[in-house]
2 protein chains.
Amino acid sequence: MSRLEASAVNIGEVARRAKVSRSTVSYALSGKRPVSEATRQRIQRVIDEMGYQPNASARALARGETRTLGLVFPPAGSHYTDMQLDFIGGVAEAAAARDYDVLMSMADAGEEQSFQRLVGERRVDGAILMEIRLEDARVDRMLRTSFPFVTIGRVARPDDTAWVDLDHLTLVRRCVQHLSDLGHRHLAFVNRSEALLRAGYESARRGQDGFELAIRQLGLRGVAYPCDDDAMAGERLAERVLAEHPETTGIVTVNEASLGGLYRGLTGAGRTIPRDVSVTGIAGARWAEAVTPSLTAADVPAHEMGRIAIDLLLERIGDQRTPPRHQLLMPPIVLRASTGSAPVSSGDHHAPAGS
Amino acid sequence: MSRLEASAVNIGEVARRAKVSRSTVSYALSGKRPVSEATRQRIQRVIDEMGYQPNASARALARGETRTLGLVFPPAGSHYTDMQLDFIGGVAEAAAARDYDVLMSMADAGEEQSFQRLVGERRVDGAILMEIRLEDARVDRMLRTSFPFVTIGRVARPDDTAWVDLDHLTLVRRCVQHLSDLGHRHLAFVNRSEALLRAGYESARRGQDGFELAIRQLGLRGVAYPCDDDAMAGERLAERVLAEHPETTGIVTVNEASLGGLYRGLTGAGRTIPRDVSVTGIAGARWAEAVTPSLTAADVPAHEMGRIAIDLLLERIGDQRTPPRHQLLMPPIVLRASTGSAPVSSGDHHAPAGS
DNA sequence: TTGAAAGCGCTACCAT
DNA sequence: ATGGTAGCGCTTTCAA
C-alpha cells in the first residue's frame, strides 16, 4: 500500500483544482514562462486556499540544486569563541536574505564523516569552512572535486581558493605599534593554544609572525606565549609572564577567551591596567567591552565576515571558471580604556588614556 | 583514480558496472533485503572504485524524510549570548551522532518567512525552537499542523509540547536564598531587556517571579530591573541601582551579556565585590569565569540542553502519538568568588568606600 | 536471490 | 498561452 502523507498537498492537486496542467502551476510560480493573468490568479487562489508549498526535496532533485549552503565548523572540543557565534549569525542572515538555507556540519580538519555527507551526498550547493589550517585536507579535497567553497582564513596557497580573513599580521603589528607609541619597550604576546599553533592554524601563525616582525622593526623586546582558550589559562599565563618577564608593561592578545583570566592574573599580581600594564589585541567587541577596563582592540567584524563569506560562495557557485576572489579585512583599533603611557621608568609620561 | 570526480555517479551506473539491477544495489546498501555475499562484495567494490554516494535529495524524495532537523533561532537584533552558541554546538553534535543534519533558520516569533521554508517546504523532519515566548505563533502553527518540534523554554501551556528548559524560577529563588543565608537583606534583580519581558519571553518572566516570590517568603527587600543585553546597559544599571537603592548589598542577575558592565558600574561606584556587594545569578560557565571576581552562579548546561533537545525531537519524529515529554533542568549553584557575607552595617545604611 | 517498474513531487522540454 | 510528459536518483513493491 502506498504511503499516505495526505496532509502534504502537491502540485498535481493544485493543478486539478485550478483546472490547469501541472506545468502551468509550476510556471505560474517560477515565472519562467508567461501565464495569463486570469489563470495566474486562479492558481494563486487555489494555492492560498490549500496552503500549498512546493516540496524542497523534489525541487532540488529536479533542478539539480539544493539552495542550501554548508557551514563546516570545528567540534566543540576546542571551545567556541564569541566571535564564532556572530559569524554564524552573519552567515545565516545573509544566506536567508539570498534565499538560501544553511546546513551545519561539524568536522575538524581530520574527520571526513560528517563532511562526506555534505558534499558527497550533494546536500549543499557549496560550503564555508571555518578554522582553516595552513595545510588542510578538506580544502585539498574540495579543490580536487571542484566543489564550490570559501574558507574563513587562508591556506598556504591562498590564490587557489576563495576566502575572507582578518589580516592578523598587520593587526598585531598595529597593536605593537600602538604600544610602542605609548612608550612601552617590553611586550608579551598572548597567542591561541599550543595545540592550535602546532596544528597549523593560520591565524595563530600569522599573528605571531606579525608580533615578531614588529618587535624587530621597532627595536623592542618581546616574548610570545601560547595560551589555552579559557579564563584559567589566561590567569596562569599572566602570572607566568610577570614571573619570567616582570619588566613587561605591554601585552598584545589574540586570545579572546582567555582575556578575562588574563586581566585577573594581572590585577591579582598587583598590576593595575593600564597604569602598570597596557593590554590590547584582537577581539570581538562584546568581549572587549565586557572586561574592566574595556579593551583597546581591533574589533573582529564577525558578522560582516559571515556576510562576505556567503557572497563569495554564491559567486563561486554561480561561476566556477572565474578565479576565486578573496577579502582581507583590517578593522581599525578601537581605543578603549586598557592602554596608556608606559610607566615612567620605561617611558616619559604617565597619563592613562580613557578611564 | 578518478574517485571523487565521479560524484555525478548514480545508482544506475553502479548497477551497470556491477551487472546487477538498481534495486539490488539499493538493497545491498540498506540491508533491507538479503543479498548474496558474492554480489554484495562485487557491488561494494564498484562503489568504492567510483566513490558512489547516494544523492540526498533523491533519497529524501523517495523515502519521504530528509534526515535533517531544523534549528530556529532569533535574528541577531537581540544579541546572542554565549550559551546560545554552546547550545547550537550541542545540537549539532548530538544530531551528527544520530546521523542527522541540522538546518539553521533565523526567525523570530513574528516572522514566518524563513520559517515557512523549513516546515512548509518539508526541508526538515522536525524542528527546535529557541527563545520561545509564552504565547508563540510558531508553536501554535506547529501544533496545528502536527509538525514534530521541541522548544527551548516553555510556552504558556507546557503540557502540549515537548521542551527542555531551565527552572528559572527555582534557580533565581536559590540565588536569593544564597544571598539571604549570607545575611543580605536588600537585593536587586537584573532581568533581561524590557523588550523581551514585554514580548513575553518565558525565562525572563519566570525568573522575575522567582525573585519576587523568594523576596516575599524570606522577608527581604528587593527591586527588579530590566536590562538590555550589553555591557553598557549593565554599567548604567549598576549606577541606577546604587542611586535608587544605595542600601543594596546583593544582586541576582540572569542577564549574562550585561554582567561585565554590571561589575564595572559597581566597582566604578566604589563598591568592591564581594566585600560591599555580592553578585550571583544564572550564566554560562565561561562568562562566570571570565569576570573578576568570578561569578557564583548556576551554570547553564547549554551543551547538554542541545543534546536533550535532539533526543526529545527524535522521539517526537519517531512517534507522534505519545504525549510529549519535557525536561526541566536545575543546575546547582557553583560557588565562586563574587558572593560573601553582607557588610556589618547592612540594612540601615551604607558607607561607600570612596567617600 | 534477483529484476522490472511504479512511484516520490517537481521542472523543463516539446508540443500545440 | 497552455498541456503532455520525460526525466531527476532513489526506494520499494510486485513478480519471477
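Computed from a prediction, not measured in an experiment: that's the story for all the values here. Proteins get letters first, then strands, A, B, ... in listed order; numbering begins at 1 in each.
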[X] [atom1] to [N] [atom2]: how many Å, rounded?
X        : N      : atom1 : atom2 : result
B:Arg40  : C:dT2  : CZ    : C1'   : 16 Å
B:Ile43  : C:dT2  : CD1   : C1'   : 10 Å
A:Asp125 : D:dC8  : CG    : C1'   : 15 Å
A:Arg67  : C:dT11 : CZ    : P     : 12 Å
B:Leu29  : D:dT12 : CG    : C1'   : 15 Å
B:Arg63  : D:dC8  : CZ    : C1'   : 17 Å
A:Arg59  : D:dC10 : CZ    : C1'   : 20 Å
B:Ile11  : C:dA5  : CD1   : P     : 17 Å

Any idea which of [options] is nearest the [X] side chain?
X       : options               : answer
B:Thr24 : D:dC10, C:dT2, C:dC14 : C:dT2
A:Ala62 : D:dC10, C:dC10, D:dT2 : C:dC10
B:Ser21 : C:dC10, C:dG3, D:dC10 : C:dG3
A:Asn55 : C:dA4, D:dC10, C:dG9  : C:dG9
A:Leu61 : D:dG9, C:dT11, D:dT12 : D:dG9

>> Exactly one of B:Val91, B:Val102, B:Thr151 should register a side-chain contact (heavy atoms from CB on, under 4.5 Å) with B:Ile128. Which one does?
In response: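 Of B:Val91, B:Val102, B:Thr151, side-chain contact (heavy atoms from CB on, under 4.5 Å) with B:Ile128 is met by B:Val91 alone.
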> For DNA chain C, whose closest nucleotide is more 5', that of A:Arg22 or that of B:Lys19?
Replying inline: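 In this pair, the answer is B:Lys19.
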> With nearest nucleotides of DNA chain C determined for B:Arg33 and A:Lys32 from heavy-atom distances, which residue corresponds to the more 5′ nucleotide?
Replying inline: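 Taking each residue's closest nucleotide, the earlier one in sequence belongs to B:Arg33.
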> Is A:Arg307 salt-bridged to A:Glu93, going by a charged N under 4.0 Å from an acidic O?
Replying inline: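 No, no charged N to carboxylate O under 4.0 Å.
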> Under 4.0 Å between a Lys/Arg side-chain N and an Asp/Glu carboxylate O for A:Arg67 and A:Asp125?
Replying inline: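 No, A:Arg67 and A:Asp125 are not salt-bridged.
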>> Measuring to OP1 and OP2 of C:dT1, would you say a side-chain N or O of B:Thr39 lies under 4.0 angstrom away?
In response: no
>> Taking CZ in A:Arg157 as the centre, count heavy atoms belonging to other residues, nucleotides or ligands within less than 6.0 Å. Is the count above 12?
In response: no
>> Pick the closest DNA chain D nucleotide for A:Ala58 and for B:Tyr27 by heavy atoms, then say which residue is nearer the 5' end.
In response: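 Taking each residue's closest nucleotide, the earlier one in sequence belongs to A:Ala58.
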Which part of the nucleic acid, if any, lies within reach of [X] when heavy atoms closer than 4.0 Å are counted: base, sugar-phosphate only, or nothing?
X       : answer
B:Ser30 : nothing
A:Ser23 : base
A:Ser36 : sugar-phosphate

> Does B:Tyr201 have B:Arg133 sitting over its ring (NZ/CZ under 6.0 Å from centre, angle to axis within 45°)?
Replying inline: no
